[in-house]
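We use all heavy atoms of the structure for the numbers below, so side chains are in, but hydrogens, waters and symmetry mates are not. Order of the sequence lines fixes the chain letters, A, B, ..., with proteins taken first and strands second; residue numbering starts at 1 for each chain. As the structure is a prediction and not an experimental result, all values here were calculated from the model.
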2 protein chains.
Amino acid sequence: MPKTATRLRVVEVDRLKTACSTCSLQELCLPAGLNEAELKTVDQLIDRRRPVKRGEYLFRAGSSLNSLYAIRSGFMKSSVLHDDGREQVAGFHMMGDLMGMDAIGTSQHLCDAVALEDSEACEIPLKDLEALSRNIPSLQQHFHRIMSREIARDYGVMLLLGSMRAEERLAAFLLNLSQRFEARGYSPLEFNLRMTREEIGSYLGLKLETVSRTLSGFQAQGLIAVQNKHLRILKIESLRELVSPQGCRN
Amino acid sequence: MPKTATRLRVVEVDRLKTACSTCSLQELCLPAGLNEAELKTVDQLIDRRRPVKRGEYLFRAGSSLNSLYAIRSGFMKSSVLHDDGREQVAGFHMMGDLMGMDAIGTSQHLCDAVALEDSEACEIPLKDLEALSRNIPSLQQHFHRIMSREIARDYGVMLLLGSMRAEERLAAFLLNLSQRFEARGYSPLEFNLRMTREEIGSYLGLKLETVSRTLSGFQAQGLIAVQNKHLRILKIESLRELVSPQGCRN
DNA sequence: ACGCTCGCTTGATCTGGGTCAAAAACCGGC
DNA sequence: GCCGGTTTTTGACCCAGATCAAGCGAGCGT
């Protein structure tokens, strides 16, 4: 084998092979709570890293499920397509999030996963994950926790879509983003909206004009400063009060 | 020990002890797809059957999670309470459904589970389920499938809440109920609505008046016959078309 | 069988957010 | 640095569904 080929191969493996044990998202991601030895085992689980350019699909609705995907970097949305073409954004996903769990039941993806900026995802073959979690109870537990959290998140979205008004929805959305950025070590008060107003609207059950107007409204009230995709939260407490008015005990 | 005491004890065990291996919901419920021997093992999992009278709680939001619950008979709703008292019904659950999965992540229930009619649930200690599913791959797989299906269902609800109009929501709701009754061996075209118009409304993000009006509308168009809680579907195809208009390919 | 409460229906009116439209700002490509 | 398409903002108007209101019916407890 010529030297250059070997060289390339090494580089390739280096690029594609991913190790949880050296990943900064350890604490946030699937292997959270594992010990050294377990982590080493989980390393063997991660097949390869998959880059997804902005606008590209990580997977598509209807395609068959083989792997779950842990987002390593970037930003994605998942969306369900109605027969008549209407799109419902089901969630926004960032590093450390696990995607594809909706497909385990039917072995077919239910939603599209699209990168909103250049991203990278770790491919986790489901069969291997299941096999491994039989031997590592804490992995099993954590996997269950992650699925459960997704269900809990969904309930929150239902609450939002089913019984909140436009202002409340937007405020809840911004607070949620803020909190997730914070959990990942970024500023909770200043960040970029990676998605368009239309995508925000779809997620929140609003039209893009309403999203735009409501953001402008928040800005006029001095709650936030938006310029395009860049957002700064000025009065986070006021936003919180919008979502849960006053000191109302339930 | 006096004879009567023994007698009582036997009766009690008989009432509380539940066996999957003799349960008619086997195929629908957690143990679906297990063989004889595995089924016998799972029998040991089911701690006890718990009766829940109409209006009573199976569990409440905030209480700590110990067990999942498989509904054996009856009908329940799960609902999330907003701080200010607004209630969002997150789902309706019938026999064979598994409840409580939203709580695994935090070990705290996120929603209330209330019986809409006298019901019975099988208590499944989570720790035991996890332990057992480490030894029985098909149980593990099926458990994952069930959680995944819940996520998929939630995505469907988001689609409904986020991008459908009142008529479409109601039609989708009726079709969903119809299908679930059919899967359980009941008539898909004639059944009782166990929940109030207000609960339907909460689930669908509509007010009870709108639910009532829309049902009346369907009746006027000859799609259904409603009287109170009793419902008969007359033109199921027309209902389907309401949800997915014409032959629109996506 | 009675009364009473709670759930349901239906009508009238109101409004939050949708729709339509147009201009402005932004971005990527050349 | 200019150009063309996309995204965003803002305005004017409209409508689906909310709200308010009033009567009706069914089921339940006594």
Per nearest nucleotide of DNA chain D, the residue lying toward the 5' end, A:N228 or A:R213, is A:N228

Short side-chain donor-acceptor distance under 3.5 Å, B:H82 and A:S163: no

Residue-phosphate contact under 4.0 Å: A:R165 side-chain N/O, C:dG16 OP1/OP2: no

Spacing between A:E198 atom CD and C:dT19 atom P, to the nearest angstrom: 12 Å

Looking only at non-hydrogen atoms, find the nearest pair between B:V89 and B:E199 and report the distance. CG2-O, 3.9 Å

Round to a whole Å and report the spacing from CG of A:N192 to C1' of C:dC26. 14 Å

What closest approach, in Å, do A:L68 and A:M101 show between heavy atoms, and which atom pair accounts for it? CD2-N, 3.9 Å

Of all the heavy-atom pairs spanning A:P188 and A:I233, show the shortest one and how long it is. O-CD1, 3.8 Å

Rounded to the nearest angstrom, tell me the gap between atom CZ in B:R197 and atom C1' in C:dT10. 13 Å

Between A:S79 and A:E87, do the side chains contain a donor N or O and an acceptor N or O under 3.5 Å apart? yes

Of the listed nucleotides (D:dT8, D:dT10, C:dT10), which one gets closest to any side-chain atom of B:S216? C:dT10

Heavy-atom nearest nucleotide on DNA chain C taken for A:M164 and for A:K229; more 5' hit belongs to A:M164

Considering every strand and a 4.0 Å limit on heavy-atom distances, what is the contact class for A:Q227: base, sugar-phosphate, or nothing? sugar-phosphate

Within residues 217-226 of chain B: residues closer than 4.0 Å to DNA chain D (heavy atoms): none

Rounded interatomic separation in angstrom, taking CD from B:E167 and C1' from D:dA16: 11 Å

Measure from the side-chain heavy atoms of B:S212 and tell me the nearest of C:dC8, C:dG11, D:dG17. C:dC8

Ignoring hydrogens and angles, tell me if any N or O in the side chain of B:S216 forms a donor-acceptor pair with the backbone of B:S212 under 3.5 Å. yes

Whole-Å gap separating P (D:dG27) and CG (B:L193): 14 Å

Protein-nucleic acid N or O pairs under 3.5 Å, nucleotides 1-5 of chain D:
none

For B:D112 and B:R60, work out which heavy atoms get closest and say how close. OD1-CA, 3.2 Å

Between B:Y155 and A:S78, is any pair of side-chain heavy atoms under 4.5 Å apart? yes

Please give, in whole Å, the distance from C:dC6 P to B:R54 CZ? 12 Å

What do you reckon, are the aromatic ring centroids of A:F191 and A:Y186 less than 6.0 Å apart? no

Measure from NZ or CZ of A:R184 to the centre of the six-membered ring of A:F181, then state whether that distance is under 6.0 Å and the direction lies within 45° of the axis. no

Minimum heavy-atom distance B:V243-A:R86, with the two atoms named: O-NH2, 4.5 Å

Closest approach of B:I224 and B:L231, non-hydrogen atoms and distance? CD1-CD1, 4.2 Å

Using a 4.0 Å cut-off on heavy atoms, which residues in residues 199-211 of chain A reach DNA chain D? List them by number, or say none. A:L208, A:E209

